[in-house]
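Provided herewith is a single structure, encoded as structure tokens, for subsequent inquiry.
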Amino acid sequence: MSEENLKEKEEIKPSISFIEQFIADDLKEGKNSGRIHTRFPPEPNGYLHIGHAKAICLSFGMAQKYGGKCNLRFDDTNPVKEDVEYIDSIKEDIHWLGFDWENREFYASDYFGKLYDFATDLIKRGLAYVDDQTAEIISAQKGTPTQPGTESPFRERTVSENLDLFVRMNNGEFEEGSHVLRAKIDMTSPNMHMRDPIIYRIIKTSHHRTGNKWMVYPMYDFAHGQSDYFEGITHSLCTLEFEVHRPLYNWLIDQLKTGDYRPRQIEFNRLNLTYTVMSKRKLLQLVQEGSVSGWDDPRMPTLCGLRRRGYTPESIKKFIDLIGYTKVEAINDVSLLEHAVREDLNLRTPRVFAVLNPLKVIITNYPEGKVEEVELINNPEDETKGTRNIPFSREIFIEQDDFMENPPKKFFRLAPGNEVRLKGAYIIKCDGFKKNEKTGSIEEVYCTYEPDTRSGEPGSEKKVKGTLHWVSAKHAINAEVRLYDRLFNHEDPAGQKDDDYRNFLNPGSLKVLRGCKIEPSLGSAKPLDKFQFQRLGYFCVDYESTRENPVFNRTVQLKDTWSKINK
RNA sequence: UGUCCUGUAGUGUAAUUGGCAACACGUCUGAUUCUGGAUCAGAAGAGUUCAGGUUCGAGCCCUGACAGGACAACCA
């Protein structure tokens with residue numbers, strides 16, 4: 001590449017998303033006095049997943065980048081479905097991702113009073129009315145997407161009657177479902193959401209924050225935009241399915257606003273990942289039916305699941321950065337997520353030796369009882385991480401996969417007559433093995449070592465094709481290792497019309513290995529500590545790990561060219 | 001039989017006021033390597049859903065098709 005081209009390439013600015021473009025334009029035009037203020041509005045009825053992370057990164061990220069603020073606002077307008085239980089986990093996950101809302105922790109329920117007053121105001125202005133019909137009838141009158149609705153017989157009630165009824169609804173004089181408050185807009189609108197939408201309903205369940213103060217609760221459409229308005233939000237970023245709500249959002253803001261300020265709703269595509277499901281309902285179902293061990297099962301796309309799996313916040317942010325924000329409903333390949341986590345972990349994790357499926361190797365010409373300390377580099381990507389010593393002795397464990405009695409052509413590992421390097425130690429040659437004739441399994445392998453080939457010694461210059469990791473048998477610690485694979489064996493389990501997504505659960509998504517042999521330095525590892533098990537993948541200490549039974553979760557495998565060649 | 005949104009390599013995204021379709025992942029070569037990792041060098045792969053139109057010139061503008069999605073919860 002010529003110097004000129006190189007310069008050109010360096011000058012390419014990372015392109016910004018259409019949302020950021022809107023924001024930049026609004027700021028430039030001086031809308032809302034040049035402020036940017038966003039919000040992240042989770043409903044406290046479940047755990048956050050990586051799709052939420054995409055929304056969090058956008059709303060917090062835009063505010064950060066353009067010198068604004070981002071509020072955390074719990075959208076708690078439905079006491080039937082919501083619970084405090086979820087609030088702490090949601091806050092923990094946002095913090096874990098590295099974002100902070102300072103003192104701006106809000107709740108839609110903070111505004112129940114203002115919302116009630118606004119509803120009353122709409123009634124007074126003839127823009128809302130109480131409907132006494134059942135849900136079924138109201139629904140039938142709504143029409144269909146292709147047919148206009150018909151007006152409710154209660155649509156023309158007097159203001160005073162409406163006012164009286166609404167007060168009594170909130171006093172608990174009526175049963176749930178018997179009355180609703182509706183905005184009076186247009187029953188013939190081609191947009192169903194404008195056909196006199198229900199804005200208040202009676203719910204007698206106690207609310208986790210306001211207790212039994214209210215008997216009427218605002219619907220999403222009547223709470224969200226107004227909450228934005230009350231908080232001075234300038235850009236209300238949400239997912240595509242709310243696009244059709246935008247006219248209603250704007251209509252309500254129009255009734256509410258008194259000056260130039262108005263929040264703007266912009267919609268982007270939600271995150272879909274291959275080989276998993278993302279809806280809260282389905283995730284909850286997986287938990288309840290025991291398909292996974294809980295919300296934080298390392299196979300779950302929840303943030304707590306990914307954390308337990310060994311993902312770092314940086315890797316998730318990197319991934320989200322990579323996929324971008326558009327209006328196209330896309331399914332993103334998990335392999336991109338895996339790439340992001342490998343890239344991150346490659347730089348930060350210490351390399352260690354762990355043998356998952358041990359096969360004993362006896363070095364027949366190595367003195368019995370002798371132990372040598374060999375030095376290994378902790379992280380070749382980061383010299384400052386230094387070195388460590390691990391013991392070497394006559395009997396070691398290697399991976400069962402690293403020995404073959406009858407190897408194919410390009411097998412660079414151990415086989416009868418073959419030489420390999422034991423990483424950090426000696427070159428050994430295989431000159432025999434013990435096979436269980438009944439089962440056909442290899443039980444022991446016998447080798448001889450070349451004393452002058454120890455790493456660092458002059459003889460170590462000798463080239464061999466393969467290098468194996470190993471653990472000294474006498475010094476190894478036993479460990480449990482949990483190998484995770486994709487939860488589903490279909491790219492799009494939820495998108496199959498005739499098949500329930502549960503039919504695609506991958507029966508091999510969790511494989512528990514016991515009796516794995518890990519190097520002694522791992523004895524002091526703490527939950528969430530991350531390592532690269534050399535030649536295998538990235539692993540993370542599980543919460544259930546104890547000194548007696550260390551437990552490691554596999555985050556992701558290393559890229560494996562050999563398995564491809566071998567196919 | 002409506003309204004709204006969306007169609008760019010296998011996947012996800014780019015492409016100033018119309019100006020040689022670019023990047024990442026994945027795939028494939030080769031180099032290098034005491035991790036079959038990482039790194040480095042390179043390659044293949046789309047002519048932008050289709051058909052018209054405007055223009056010297058269209059992924060971008062216009063018209064019309066086609067395809068996919070969203071909308072008919074007293075959910076958010």
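Side-chain atoms are counted along with the backbone in the values below, which use heavy atoms only and exclude waters and symmetry mates.
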task = Taking atom C1' in both B:C4 and B:U11, compute the distance separating them and give it to the nearest angstrom.
result = 27 Å

ask   = Does a donor on one side chain sit under 3.5 Å from an acceptor on the other, for A:Glu338 and A:Gln557?
value =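 No donor-acceptor contact under 3.5 Å links the two side chains.
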
inquiry  = Angle between ring planes, A:Phe74 versus A:Tyr107, binned at 30° and 60°: parallel, tilted or perpendicular?
reply    =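 It falls in the parallel class, under 30°.
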
message = Using atom P in both nucleotides, what's the gap between B:A51 and B:C66 to the nearest angstrom?
response = 15 Å

inquiry  = Could you check B:G52 for me: syn (within 90° of 0) or anti?
reply    =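 B:G52: anti glycosidic orientation.
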
task = Determine the stems involving RNA chain B; a stem requires 3 or more consecutive pairs of the Watson-Crick or G-U wobble kind, each with both distances below 3.5 Å, and the answer is none if no such run exists.
result = B:2-7 with B:66-71, B:10-13 with B:22-25, B:27-31 with B:39-43, B:49-53 with B:61-65

message = Consider side chain to side chain donor-acceptor pair (under 3.5 Å). Of A:Thr210, A:Thr77, A:Asp75, A:Asp76, which one does A:Ser109 pass it with?
response = A:Asp76

Modelled atom types, side-chain donor and acceptor of A:Arg39 and A:Ser236, under 3.5 Å = yes

request  = Determine the interatomic distance between P on B:A24 and the same-named atom on B:A14; round to the nearest Å.
outcome  =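 The same atom, P, in both gives a distance of 15 Å.
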
key: Pi-cation contact, A:Phe40 with A:Arg73 (under 6.0 Å, within 45°)   = no

Stacked pair A:Tyr220-B:A76, distance under 5.5 Å, angle under 30° = no

request  = When you get a sec, tell me which of B:C74, B:A38, B:C25 is the closest nucleotide to the side chain of A:His339?
outcome  =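 Nearest to the side chain of A:His339 among the choices is B:C25.
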
ask   = Which value, in whole Å, describes the distance between the C1' atoms of nucleotides B:G59 and B:C50?
value =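 That atom pair is separated by 14 Å.
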
request  = Give a yes-or-no answer on whether the side chains of A:His469 and A:Glu399 include a donor-acceptor pair shorter than 3.5 Å.
outcome  =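 Short answer, yes.
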
